[in-house]
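Presented below is the structure to which this report refers.
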Amino acid sequence: MRTIVALLACGLALVPMTASAQTEQMDEALDISRLLLDPPEGVDLAYGAFQRGYYLTALRLAERRAANGDAVAQTLIGEIHANGLGVPQDIPRAISWYAQADQNGDIQATFQLAMIYQNGSGVTRNRERAAALFQKAAEGGHIAAKYNLGLLHVEGLYAEPNLVRAAELIGDAAAAGLPEAQYDYAVMLLEGAGVAPNTQAALDLLRLSAEQGLPAAQVELATLLYLGADGGVRDAAGAAQWYGRAAETGNAVGQVRYAMMLAAAEGVAEDIETAAMYRALARRQGLTDEALEQLLHGADPDALARGEERARYWPGVPPQDEPQPATREEDAADEPMPETLDTLPPALEELTSQE
């Protein structure tokens with residue numbers, strides 16, 4: 001099983017705003033102002049400001065409610081400090097707010113506390129404390145907490161070793177749409193770990209996870225399609241498609257396997273140059289494959305060199321491959337020659353009119 005996933009909020013990148021973006025932001029600010037004057041019943045102003053990226057406004061609004069024991073507001077303050085959104089990152093302060101919210105019954109705060117102790121983010125790592133918090137949040141119905149608790153049951157160090165219980169928890173998270181859980185539960189279905197084997201159900205879950213962009217699921221699905229696990233018929237084209245999707249995300253296994261299919265023209269048209277590019281990208285991550293080396297041995301040296309050059313600039317393109325603006329001389333060369341001296345190209349007409 002893979003490393004437990006952290007589901008912490010991310011800040012927005014600071015980019016120059018266009019005039020339209022500034023107008024949109026002003027409209028949103030006015031919306032918030034109107035709500036502050038006459039808020040509709042049930043509207044969470046602090047969370048609305050947080051979603052729009054007005055973190056300091058969200059913080060001020062949440063602090064008023066947090067002082068009165070509002071658990072949701074306390075969790076929001078914890079999120080802002082934990083991720084340094086509009087304020088310097090302050091994990092101890094975030095832990096303090098999460099702990100208050102946890103005591104007041106907010107399972108999102110319980111889960112975030114568990115993740116902090118699980119990863120040792122700004123605090124001494126305490127996986128035993130994390131396991132207890134995951135248990136509490138899972139019992140409250142938190143989907144990501146169920147998934148993480150399931151992984152702990154698989155590991156068997158900070159929770160009872162119990163594959164059946166792990167499958168139940170991870171299966172619940174998979175059914176709720178968590179892509180990591182869909183992948184892990186699919187693997188359990190393939191291996192019959194804690195649950196009866198079911199290849200078709202595993203394939204269905206892998207597709208769902210792969211479509212959500214999880215590279216590990218894309219590689220696993222591609223491999224199963226290539227081996228003919230879906231109905232006993234090998235689907236090389238489907239395998240190439242999913243290996244290619246994984247390769248594009250930077251997954252080294254996907255890059256090697258897609259390169260092999262490109263070099264062998266299996267399930268996809270032969271493309272030695274792109275195969276060489278993905279081989280180089282996988283090598284960068286420390287992954288080499290003898291079969292791929294054999295497939296590219298003796299290939300066109302120019303195609304291999306172009307592929308290596310593309311890898312240097314990936315995911316961009318080499319400078320010479322970018323379209324260059326036409327020069328004035330090229331523009332003139334592209335103009336048709338006049339059939340008679342009575343019809344001159346516009347550039348020459350301008351020159352003669354100035355004489």
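In this chain, residues are counted from 1 in sequence order.
Residues L190 and E220 are in side-chain contact: their nearest non-hydrogen atoms beyond the backbone lie under 4.5 Å apart. Counting heavy atoms from C-beta outward, V219 and N251 have side chains that approach closer than 4.5 Å. At a threshold of 4.5 Å between non-hydrogen side-chain atoms, the residues I272 and L262 do not count as touching. The shortest side-chain heavy-atom distance between T249 and Q218 falls under the 4.5 Å cut-off. Contact of the D230 side chain with the R207 side chain is registered, since non-hydrogen atoms from C-beta on lie closer than 4.5 Å.
In this structure, Y243 has no ring pair (Phe, Tyr, Trp, His ring centres under 6.0 Å) partners at least two apart in sequence or on a different chain. Partners of Q294 by side-chain hydrogen bond (donor to acceptor under 3.5 Å, both in side chains), not counting sequence neighbours, listed by chain and number: E290.
Salt bridge status for E309 with R312: present, with a side-chain N to carboxylate O gap under 4.0 Å. A salt bridge does not link K136 to E139: none of the charged side-chain nitrogens sits closer than 4.0 Å to a carboxylate oxygen. Between E168 and K146 there is no salt bridge, since none of the side-chain N atoms of the basic residue sits less than 4.0 Å from a carboxylate O of the acidic one.
For the atom pair L76 CG and E63 CD, the distance stands at 10.0 Å (nearest 0.5 Å). Residue I116 holds its CD1 atom at 11.0 Å from CZ of R129, rounded to the nearest 0.5 Å. F134 contributes atom CZ, which lies 12.0 Å from atom NE2 of H153 (distance to the nearest 0.5 angstrom). The NE2 atom of H297 sits 13.0 Å away from the CG atom of L292 when rounded to the nearest 0.5 Å. How far CG of L208 is from CD of Q182: 5.0 Å, rounded to the nearest 0.5 Å. For the atom pair L113 CG and Q118 CD, the distance stands at 13.0 Å (nearest 0.5 Å).
Alongside Y158, the hydrophobic cluster contains L157 (criterion: ILVMFWY side chains under 4.5 Å).
Nearest heavy-atom pair across A246 and P215 is CB-O, 4.1 Å. Annotation for Y98 and A109: closest pair O-CB, 3.5 Å, computed over non-hydrogen atoms. In this structure, A46 and R65 approach most closely via the heavy-atom pair CB-NH1, 3.7 Å. When all heavy atoms of N104 and A71 are compared, the closest pair comes out as CB-CB, 3.6 Å. Between L133 and A114, the shortest heavy-atom contact is CB-CB, 3.6 Å. Taking every heavy atom of both residues into account, G267 and A240 meet most closely at O-CB, 3.8 Å.
Remark: R127 is not positioned above the aromatic ring of Y117, lacking an NZ or CZ atom under 6.0 angstrom from the ring centre and at most 45 degrees off the axis.
In terms of modelled atom types and a separation under 3.5 Å, the side chain of Q112 and the main chain of T75 share no donor-acceptor contact. For Q212 (side chain) and G177 (main-chain N/O), a donor-acceptor pair under 3.5 Å exists by modelled atom type.
Ring geometry for F50 versus Y55: interplanar angle over 60°, hence perpendicular rather than tilted (30 to 60°).
Heavy atoms of other residues, nucleotides or ligands lying less than 6.0 angstrom from CD of Q200 number more than 12.
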Exercise. Where do R257 and T223 land on the side-chain contact (heavy atoms from CB on, under 4.5 Å) test, with the steps shown first?
Worked result: CA-CA 9 Å; R257 295 186 183 174; T223 302; 2.8 Å; yes
For this session: Decide yes or no on side-chain hydrogen bond (donor to acceptor under 3.5 Å, both in side chains) for Q74 and D70, but give the supporting numbers first.
Result: CA-CA 6 Å; Q74 291 167 343; D70 187 316; over 6 Å; no
Problem set entry | Pair R245-E248, salt bridge (charged side-chain N to carboxylate O under 4.0 Å, His left out): steps then yes or no | CA-CA 5 Å; R245 292 269 295 269; E248 289 169 3; 5.5 Å; no
